[in-house]
> 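Next up is a structure, given as structure tokens.
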Amino acid sequence: MSAEGPAGNDPRPEPPEKPLPSDCCEGGCDPCVHDTYQEALEHYARELARWRERHPHADA
């Protein structure tokens with residue numbers, strides 16, 4: 001089964017790219033790249049759950 005909607009305009013969400021260890025300067029930035037990544041992961045999880053509701057058999 002295709003991971004896209006009937007018109008091909010509902011692609012599965014892609015996870016955010018994890019920051020490299022060198023992306024953090026350890027300087028106490030607010031927000032830190034790790035904070036931003038965590039927020040992006042939470043957004044991705046919500047979007048993926050919504051997508052799975054629309055495509056219940058996509059992961060079967």
Side-chain angles (χ1 to χ4, degrees):
M1 172 173 243
S2 172
E4 296 184 351
N9 61 354
D10 191 17
R12 181 186 184 112
E14 294 289 327
E17 188 172 326
K18 186 174 182 174
L20 298 171
S22 61
D23 290 340
C24 179
C25 69
E26 301 292 332
C29 301
D30 186 23
C32 174
V33 294
H34 296 292
D35 298 329
T36 304
Y37 175 65
Q38 186 60 42
E39 290 174 8
L41 275 179
E42 292 167 7
H43 176 76
Y44 165 70
R46 289 190 302 271
E47 292 302 310
L48 183 59
R50 290 182 186 126
W51 183 86
R52 284 183 169 148
E53 287 177 3
R54 296 189 304 273
H55 303 275
H57 302 292
D59 291 330

> According to salt bridge (charged side-chain N to carboxylate O under 4.0 Å, His left out), who are the partners of Arg46, at least two apart in sequence or on a separate chain?
none
> Would you name the heavy atoms of Ala58 and Trp51 that are closest together and state the gap between them?
CB-CH2, 3.4 Å
> Show me the pairs that pass side-chain hydrogen bond (donor to acceptor under 3.5 Å, both in side chains) and involve residues 27-38, at least two apart or across chains.
Gln38-Glu42
> Show the atom names and distances, to 0.1 Å, of all donor-acceptor pairs under 3.5 Å that link a side chain in residues 14-28 to residues at least two apart or in another chain.
residue, atom, partner, partner atom, Å
Asp23, OD2, Leu20, N, 2.7

> Would you list the pairs meeting salt bridge (charged side-chain N to carboxylate O under 4.0 Å, His left out) in which at least one residue belongs to residues 47-57, sequence neighbours left out?
Asp10-Arg54, Glu47-Arg50, Arg52-Asp59
> Name all residues meeting the salt bridge (charged side-chain N to carboxylate O under 4.0 Å, His left out) criterion together with Glu39; count only those two or more places apart in sequence or in a different chain, and write none if there are none.
none
